[in-house]
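Protein chains get the first letters and strands the later ones, always in sequence-line order, with residue 1 at the start of each.
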Protein chains: 2
Amino acid sequence: MRKKTRDHIVMAADRLFYERGYEHTSFADIAAEVAISRGNFYHHFKTKDEILEAVIAVRLTDRAIMLGRWEAEVASPLERVMRFVKILIVNQSKIKQHGCPVGTLCTELSKLDHAQQDGANGIMDLFRQWLTRQFRNMGRERDADDLAMHVLMRSQGIAVLANTYRDDTFVRREVELAEAWLRSELATSTTV
Amino acid sequence: MRKKTRDHIVMAADRLFYERGYEHTSFADIAAEVAISRGNFYHHFKTKDEILEAVIAVRLTDRAIMLGRWEAEVASPLERVMRFVKILIVNQSKIKQHGCPVGTLCTELSKLDHAQQDGANGIMDLFRQWLTRQFRNMGRERDADDLAMHVLMRSQGIAVLANTYRDDTFVRREVELAEAWLRSELATSTTV
DNA sequence: ATTACATTAGGACAAGTGTCCCAAAAAAGG
DNA sequence: CCTTTTTTGGGACACTTGTCCTAATGTAAT
């Protein structure tokens with residue numbers, strides 16, 4: 001049980017921050033979830049900011065691992081970006097309920113003017129840079145970052161409306177539109 | 001001063017809910033902003049939910065008036081939708097700081113599982129229905145709602161990333177892309 | 001076994017929350 | 001003018017918040 005309790009806390013906080021939002025989650029909520037006392041809690045994390053910091057670090061690592069795995073498993077950069085867009089389908093039910101874990105956290109911390117804003121934005125940036133790399137591999141050195149931002153923009157927009165309307169058909173349709181856009185973009189790049 | 005105090009409260013709450021978020025804004029914050037006592041406050045609004053309800057009502061009315069004005073001022077449905085997309089440019093600095101007033105409220109209330117979720121979603125729906133009407137006027141009866149949702153999705157996605165990265169160039173570029181997409185969509189509809 | 005350290009429980013703390021009451025002041029109506 | 005109603009200020013309320021302390025317990029190493 002060396003570091004297990006700490007990990008349990010971070011895992012529970014990660015889930016609760018996503019489901020209820022950072023501010024709306026209290027020490028007591030997390031402690032109850034892990035079934036430990038507040039004193040024990042304090043031994044691992046002195047402030048709420050520290051927990052958020054740990055949660056952000058875990059999320060960053062998780063996503064980096066996922067993206068690394070995709071890079072290993074999927075050969076074509078185009079297919080990799082497609083895989084990214086398909087998260088919206090794979091995680092559809094969670095996103096319908098609570099939105100995008102990355103986007104909603106960035107939005108919330110922005111309103112709170114929280115010190116960990118840069119940390120949360122860093123997760124978004126991880127995706128941005130990964131996408132940029134994929135587009136560079138497709139020979140779009142010049143506008144790789146613009147294309148990456150466009151893909152991000154679409155996924156964030158879809159996530160917000162998926163959460164608002166909880167409409168499966170909409171999500172599927174927009175994912176197909178995004179894929180169609182991707183293909184047509186790449187078609188012009190190979191002809192030029 | 002018959003209803004002036006009440007209006008002041010709603011106006012201040014409207015701004016603070018937008019800038020700091022609903023939950024992160026307290027009775028004291030609003031009261032201090034309007035420079036009244038909490039007792040006076042309570043006379044106008046018994047619960048925090050009631051203020052939110054009033055704020056949502058005001059926002060809904062404001063947006064409805066704005067959309068009505070656009071319908072009166074701008075003849076072409078295409079130009080009207082363009083006008084909608086251009087909000088992102090006109091309100092750019094606010095959106096960079098605090099995101100989309102509609103989208104961020106829907107997102108926050110979803111996390112709080114708040115009773116006024118439907119109210120906030122109703123503002124989004126006002127835009128959706130207005131956009132749908134414009135596309136119908138362009139002769140796209142069949143997929144008018146899909147196109148409306150696509151426009152909404154783009155503006156929400158742009159707003160989230162504008163808030164995250166605070167990048168003017170990105171916003172301008174994506175607005176132009178949205179306008180280009182609109183034109184190309186309508187070109188196919190007139191040829192069919 | 002004894003020392004040293006890590007972990008835990010339970011509670012105390014001040015500050016802030018939304019809610020509510022009540023009496024004074026102002027306004028309105030006759 | 002006097003009465004009635006609306007509006008206001010000031011404070012009390014029960015509760016939750018994040019933070020912090022201390023004492024007890026477990027665990028590991030010498």
Looking at [options], which one has an atom nearest to any side-chain atom of [X]?
| X | options | value |
| --- | --- | --- |
| B:Asn40 | D:dG9, C:dA9, C:dA6 | D:dG9 |
| B:His43 | D:dT6, D:dG18, D:dG9 | D:dT6 |
| A:Ala28 | D:dT19, D:dG11, D:dT17 | D:dT17 |
| B:Arg38 | C:dT7, D:dA12, C:dA12 | D:dA12 |
| B:Phe27 | C:dA9, C:dG18, D:dT8 | C:dG18 |

For [N] and [X] - does any side-chain N or O of the residue sit under 4.0 Å from the phosphate oxygens OP1/OP2?
| X | N | result |
| --- | --- | --- |
| A:His44 | C:dT8 | yes |
| A:Ser37 | C:dG10 | no |
| A:Tyr42 | D:dT19 | no |
| A:Thr5 | C:dT8 | yes |

Starting from [atom2] on [N], measure out to [atom1] on [X] and report it in whole angstrom.
| X | N | atom1 | atom2 | result |
| --- | --- | --- | --- | --- |
| B:Ile30 | C:dT19 | CD1 | P | 11 Å |
| A:Arg6 | C:dA6 | CZ | C1' | 14 Å |
| B:His24 | D:dT16 | NE2 | C1' | 15 Å |
| A:Lys46 | D:dC21 | NZ | C1' | 11 Å |
| B:Phe45 | C:dC20 | CZ | P | 15 Å |
| A:Phe41 | D:dT22 | CZ | P | 21 Å |
| A:Lys4 | C:dT8 | NZ | P | 11 Å |
| A:Lys48 | C:dG16 | NZ | P | 16 Å |

What about the rings of B:Tyr165 and B:Phe170, do their centers lie closer together than 6.0 Å?
-> no
Would you confirm whether B:Tyr18, through its side chain, and B:Gly99, through its main-chain N or O, come within 3.5 Å as a donor-acceptor pair?
->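 Side chain of B:Tyr18 to backbone of B:Gly99, a donor-acceptor pair under 3.5 Å: yes, one is there.
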Are the side chain of B:Asn121 and the backbone of A:Thr164 linked by a donor-acceptor contact shorter than 3.5 Å?
-> yes
Is the B:Phe84 ring parallel, tilted or perpendicular to the B:Trp130 ring (thresholds 30°, 60°)?
-> tilted
Going through the checks in order, is the salt bridge (Lys or Arg N to Asp or Glu O under 4.0 Å) test met by B:Lys111 and B:Glu23?
-> CA-CA 11 Å; B:Lys111 296 240 182 211; B:Glu23 181 152 56; over 6 Å; no
